[in-house]
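Everything below concerns the one structure shown next.
All chains are named by letter (A, B, ...) in the order of the sequence lines, taking the proteins before the strands, and each is independently numbered beginning at 1.
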Number of protein chains: 2
Amino acid sequence: MQQCCNNIFMKQFRNTTAKTTILNVLKNAEAALSHAELLTLTNGVCDRVTIYRVLERLVNEDNVHKVVTSDGIIKYAACNHSAHHSHDHVHFNCEKCKTTTCIEMVLPVIQLSNDYTVKSFNFTVTGICPKCN
Amino acid sequence: MQQCCNNIFMKQFRNTTAKTTILNVLKNAEAALSHAELLTLTNGVCDRVTIYRVLERLVNEDNVHKVVTSDGIIKYAACNHSAHHSHDHVHFNCEKCKTTTCIEMVLPVIQLSNDYTVKSFNFTVTGICPKCN
DNA sequence: ATATTATTGCAACATTGTTGCATTAACAAA
DNA sequence: TTTGTTAATGCAACAATGTTGCAATAATAT
Ligand SMILES: [Zn+2]
Ligand SMILES: [Zn+2]
Ligand SMILES: [Zn+2]
Ligand SMILES: [Zn+2]
């Protein structure tokens with residue numbers, strides 16, 4: 001049992017076809033994808049419920065991060081684990097093409113009074129993206 | 001028919017008990033409220049569907065604004081139409097008491113490249129609020 | 001090859017949001 | 001006050017989204 005354990009409950013993760021397919025779809029995607037979009041893009045590789053559960057695991061394993069758009073739609077994007085990676089980055093939501101994309105280079109500046117403890121944030125900017133402009 | 005018209009389609013709004021009740025509940029609330037919370041707090045004054053429709057009208061009439069939490073839960077807050085009011089302000093989401101509150105005095109600074117057209121944003125910070133700290 | 005157990009599929013359910021339509025009630029005008 | 005117009009409501013029916021329990025399956029360590 002001498003192996004790397006990447007979760008605090010000591011539960012061993014497994015690489016299943018559902019998981020690798022979903023992660024590959026997310027990695028190849030231009031934008032963040034919703035559960036509904038993943039359901040069609042994975043082309044029946046697994047059940048609807050499995051997608052929910054795989055996404056939860058991928059988020060816990062830090063391979064995918066969750067984005068909530070200004071409309072309240074939940075989307076998922078593969079993490080870019082190059083330099084300066086953080087889940088807390090800005091996301092842009094295009095009104096025209098309806099895509100949600102990561103903007104990792106822009107760091108929002110916010111100054112709250114120090115009786116607030118800030119742990120994370122969700123910052124989604126809505127407008128027209130460069131492609132649609 | 002000489003009266004004020006506050007919507008672009010020239011449709012006359014009416015002050016119904018459902019609408020005034022919901023707006024009052026929101027005005028008296030400490031935090032933003034979800035549809036489910038409003039359903040219980042209005043105490044059966046109207047149907048579940050009516051709440052959806054009234055909220056839509058209140059948002060269009062600029063009396064209420066919509067907030068999407070980091071969990072994707074949609075909440076509504078009465079607008080504070082005092083000085084410097086803007087719907088685009090930061091919202092704080094407390095992990096402990098689960099409340100979502102407006103933070104109108106803090107203006108987030110963000111610098112996107114100018115091929116983006118920014119129209120609005122949804123900025124929700126998650127952590128522990130002053131009361132729970 | 002085998003044992004362990006994480007993962008899956010399926011069914012059933014819960015929650016959230018939408019639509020059509022007949023009825024009701026708010027409000028302007030008489 | 002009464003009346004006519006139509007915005008607003010209630011209800012039923014539906015669609016979409018998310019959750020849970022459990023038996024069957026399959027990934028991995030040994
Ligand atoms: Zn676009
Ligand atoms: Zn991102
Ligand atoms: Zn709190
Ligand atoms: Zn607010």
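Computed from coordinates, the B:D71 CG to C:dT15 P distance equals 17 Å when rounded to whole Å. Taking atom NE2 on A:H35 and atom C1' on C:dT15, their separation rounds to 15 Å, with Å as the unit. Remark: C1' of C:dG17 and CG of B:L39 are 13 Å apart, rounded to the nearest angstrom. The distance from atom CG of B:D47 to atom P of C:dG20 is 17 Å, rounded to the nearest whole Å. In this structure, A:I73 atom CD1 and D:dG18 atom P are separated by 10 Å, rounded to whole Å. One atom, CD of B:Q12, and another, P of C:dA25, lie 21 Å apart when rounded to the nearest Å. Across the protein-nucleic acid pair, A:F13 atom CZ and D:dA27 atom C1' stand 14 Å apart, rounded to whole Å. Between the CD atom of B:E56 and the P atom of D:dA7 there is a distance of 15 Å, given to the nearest Å.
Of the candidates D:dA8, C:dC27, D:dG10, D:dG10 carries the atom nearest the B:R53 side chain, counting heavy atoms from C-beta on. For A:R48, the listed nucleotide lying nearest its side chain is D:dT19; candidates were D:dT19, C:dT8, C:dC27. Listed nucleotides C:dG9, D:dA8, D:dG10 differ in distance to B:C46; the shortest reach to its side chain belongs to D:dG10.
A close approach under 4.0 Å does not occur between any side-chain nitrogen or oxygen of A:T16 and OP1 or OP2 of D:dA27.
Contact annotation: side chain of A:R14 to base of C:dT5, donor-acceptor pair present below 3.5 Å.
Checked for salt-bridge contact, B:E30 and B:K131 meet the test: a charged N lies under 4.0 Å from a carboxylate O. In summary, B:K19 and B:E61 engage in a salt bridge, as defined by a charged side-chain N under 4.0 Å from a carboxylate O.
Each of B:T17 and B:I74 lies near DNA chain C, and the nucleotide nearest B:I74 is the one positioned closer to the 5' end.
More than 12 heavy atoms of other residues, nucleotides or ligands lie within 6.0 Å of CD in A:E95, so this atom counts as buried by the packing criterion.
Annotation: side chain of A:L26 is in contact with side chain of A:L33 (closest heavy-atom distance under 4.5 Å).
A side-chain donor-acceptor contact under 3.5 Å links B:N122 to the backbone of B:V68.
In this structure, B:V49 reaches the bases: a heavy-atom distance under 4.0 Å links it to at least one base atom across the strands shown.
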